[in-house]
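Report on one structure; see the data block that follows.
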Amino acid sequence: MEANRPKNTSLFDLDGKPSLGKAAPLSLQHVLAMLVGNVTPAIIVSGVVGLSAEDSTILVQTCMFIAGIATLLQLYPIGGWGFRAGSRLPVIMGVSFAYIPTVLSIVGDYGIAGVLGAQLIGGFVAILVGIFIKPLRKYFPPIVSGTVVLTIGLSLYPVAINYMAGGNGSPGYGSLQNWGIALITLLVVIICNNFTKGYLKLASILVGIMVGYVISIFMGMVDFSAIGKAGWFALPKFRYFGMQFNTTAVITMSIMYIVNSIQAVGDLSATTAGGLDREPTDEELSGGIVGNGVASIIGSLFGGLPTATFSQNVGIVAMNKVVSRFVLAISAVIILLCGFIPKFGALMTTIPQAVLGGATISVFALITMSGMKLIMQEELSARNTSLVGLAVALGMGIDMVPASIEAFPKWFIDIFGSSPVIIATIVAFVLNIILPKKSIVEEQKEREEMDR
């Protein structure tokens, strides 16, 4: 009977295996949507640390490798008996911008080895959060997670602006040439995102980078020497960047993993709601977060930066309803193969920083507005307005005036002064617990009673 059962070739079924002709274009769509977001964090970190062209290539290559591994793990989970790594949902994983403020603060003091050591512990923290996600969810409602995402977006703006100006320390920093290239790239992204459809719209950031890159070549801003030196095939190098453990770095990264785990609940919920018309099960949520923790541990051992669900790919699933894991598995294989090709990583490192700045500022703006959307899911009562306002004010305020906490102990500065996201997360979390929950109607009644 099983042998006579017709093969499931549906694009709209988790277990569907459509023909390669149908699946390949849809798979490529997901690759195009995640490509820039996945490699840019590595390029940013390389620039801050001052890595050589060879090491920058290896970092980009490893980030592609770990994104492919993390995605395959989500699509085809491992484990059982109440402990599963992977959600079995159609999601794409990749290196996340959400970690960048924290990663940059750690890498400045402890180098990439310090980031990877903190990431290793953070991966285990994510696994614990995944196991206990059901009782923890109530402490991170949209008003809290939205505040965190909003702060992440705001804290990334200086990164984009510095890149648009040419990158800190570059000879032509702030030149008209850099700003011209950056603004042209941004303009192309805006046009593709708002005036086109299909692939052009979905790959608007990639198209913007391609246009900016070509113009940069004609203006003599691109150095191709790194591509010539890179090989055609190489395996990821185990512990190439080393690993260092520092208490403050570990605490900071662990907090970010808790925050990002809660954010993953939102992405996984959006995937099931948009693509499968249902809520995710507890097993899917737990497996998804545990899977990301496992992927992060593997990434730390090979030099890949922290991963997360990619919201842009969630949007594609919600839009076209294609939930076949086979389709996304092809995407994962393509991403994984890029991780074995050093010339691909070298090509990515030749993109001028002004081009990356012009493209990524729109990404950071979208992150900010995603936070606003989450916040707006709950009514803006006086309580919620105070919670959001104070969390963002303290987080961004202290980050803008680092001298304000110079009198505090070094461990305090290292943890709470490292990233505005940490302070905003803690303030929002605590205020959500201690502030009495009152609706706008209840607040209005209180005011009316006071007027009597």
Side-chain angles (χ1 to χ4, degrees), residues 41 45 66 70 85 93 95-140 144-145 147-149 151-152 155 241-267 285-286 288-301 303-309 391 394-395 398-399 408-430 432-433:
V45 171
I66 197 59
M93 304 291 291
V95 175
S96 174
F97 278 115
Y99 291 94
I100 289 300
T102 301
V103 168
L104 293 182
S105 68
I106 295 174
V107 85
D109 293 328
Y110 310 109
I112 293 182
V115 172
L116 298 177
Q119 179 181 326
L120 177 69
I121 305 301
F124 284 106
V125 171
I127 290 173
L128 286 175
V129 173
I131 293 172
F132 298 104
I133 187 59
K134 191 172 182 179
L136 287 174
R137 284 182 70 179
K138 64 182 179 182
Y139 295 109
F140 291 89
V144 173
S145 56
T147 301
V148 174
V149 175
T151 309
I152 289 171
S155 66
F241 293 104
M243 191 173 286
Q244 178 182 332
F245 297 94
N246 179 274
T247 303
T248 54
V250 167
I251 293 173
T252 305
M253 187 67 84
S254 296
I255 293 173
M256 277 308 304
Y257 266 93
I258 294 171
V259 171
N260 195 264
S261 295
I262 303 303
Q263 187 178 339
V265 172
D267 279 340
L285 291 178
S286 176
I289 296 170
V290 169
N292 186 48
V294 172
S296 289
I297 291 171
I298 297 172
S300 70
L301 297 174
L305 298 175
T307 56
T309 48
L394 287 170
I398 292 174
D399 183 64
F408 285 76
K410 187 178 185 302
W411 65 265
F412 183 94
I413 297 173
D414 288 343
I415 295 174
F416 298 102
S418 62
S419 168
V421 181
I422 302 300
I423 295 176
T425 299
I426 294 172
V427 172
F429 176 78
V430 172
N432 182 61
I433 293 173

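None of these values were measured; they are calculated from a predicted model.
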How long is the span from the [atom1] atom in [X] to the [atom2] atom in [Y], to the nearest 0.5 Å?
X: Leu136; Y: Leu285; atom1: CG; atom2: CG; value: 12.0 Å
X: Asn292; Y: Thr309; atom1: CG; atom2: OG1; value: 7.5 Å
X: Ser96; Y: Met256; atom1: OG; atom2: CE; value: 7.5 Å

What pairs of donor and acceptor atoms, side-chain ones from residues 110-126 against any protein atom, are under 3.5 angstrom apart with sequence neighbours left out?
{"from": "Tyr110", "atom 1": "OH", "to": "Asn246", "atom 2": "OD1", "distance (Å)": "3.2"}
{"from": "Tyr110", "atom 1": "OH", "to": "Thr248", "atom 2": "OG1", "distance (Å)": "3.2"}
{"from": "Gln119", "atom 1": "NE2", "to": "Ser296", "atom 2": "O", "distance (Å)": "2.9"}
{"from": "Gln119", "atom 1": "NE2", "to": "Gly304", "atom 2": "O", "distance (Å)": "2.9"}

Heavy-atom pair with the smallest gap, counting every atom of [X] and [Y]:
X: Leu305; Y: Ile66; result: O-CG2, 4.3 Å
X: Thr252; Y: Ile422; result: O-CD1, 3.6 Å
X: Pro41; Y: Ile100; result: CB-CD1, 3.4 Å
X: Ser261; Y: Val129; result: CB-CG1, 3.6 Å
X: Tyr257; Y: Pro306; result: OH-CB, 3.4 Å

Mind checking what makes ring pair (Phe, Tyr, Trp, His ring centres under 6.0 Å) contact with Phe429, not counting sequence neighbours?
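Applying ring pair (Phe, Tyr, Trp, His ring centres under 6.0 Å) to Phe429 gives Phe140.
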If the condition is salt bridge (charged side-chain N to carboxylate O under 4.0 Å, His left out), which residues does Lys134 pass it with, not counting sequence neighbours?
Asp282
Is there a side-chain contact between Ile289 and Val265, using heavy atoms and a 4.5 Å cut-off?
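Yes, their side chains come closer than 4.5 Å.
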Can you find a heavy atom in the side chain of Asn432 that is under 4.5 Å from one in the side chain of Tyr139?
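Not in contact.
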CZ of Phe245: more than 12 outside heavy atoms within 6.0 angstrom?
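Yes, the 6.0 Å shell around CZ holds more than 12 heavy atoms from other groups.
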Determine, stepwise, if the pair Asn260 / Tyr99 fulfils side-chain contact (heavy atoms from CB on, under 4.5 Å).
CA-CA 9 Å; Asn260 195 264; Tyr99 291 94; 3.2 Å; yes
Using the side-chain contact (heavy atoms from CB on, under 4.5 Å) rule, take Ile127 and Ile297 through it: C-alpha gap first, then chi angles, then the decisive distance, then the call.
CA-CA 10 Å; Ile127 290 173; Ile297 291 171; 3.8 Å; yes
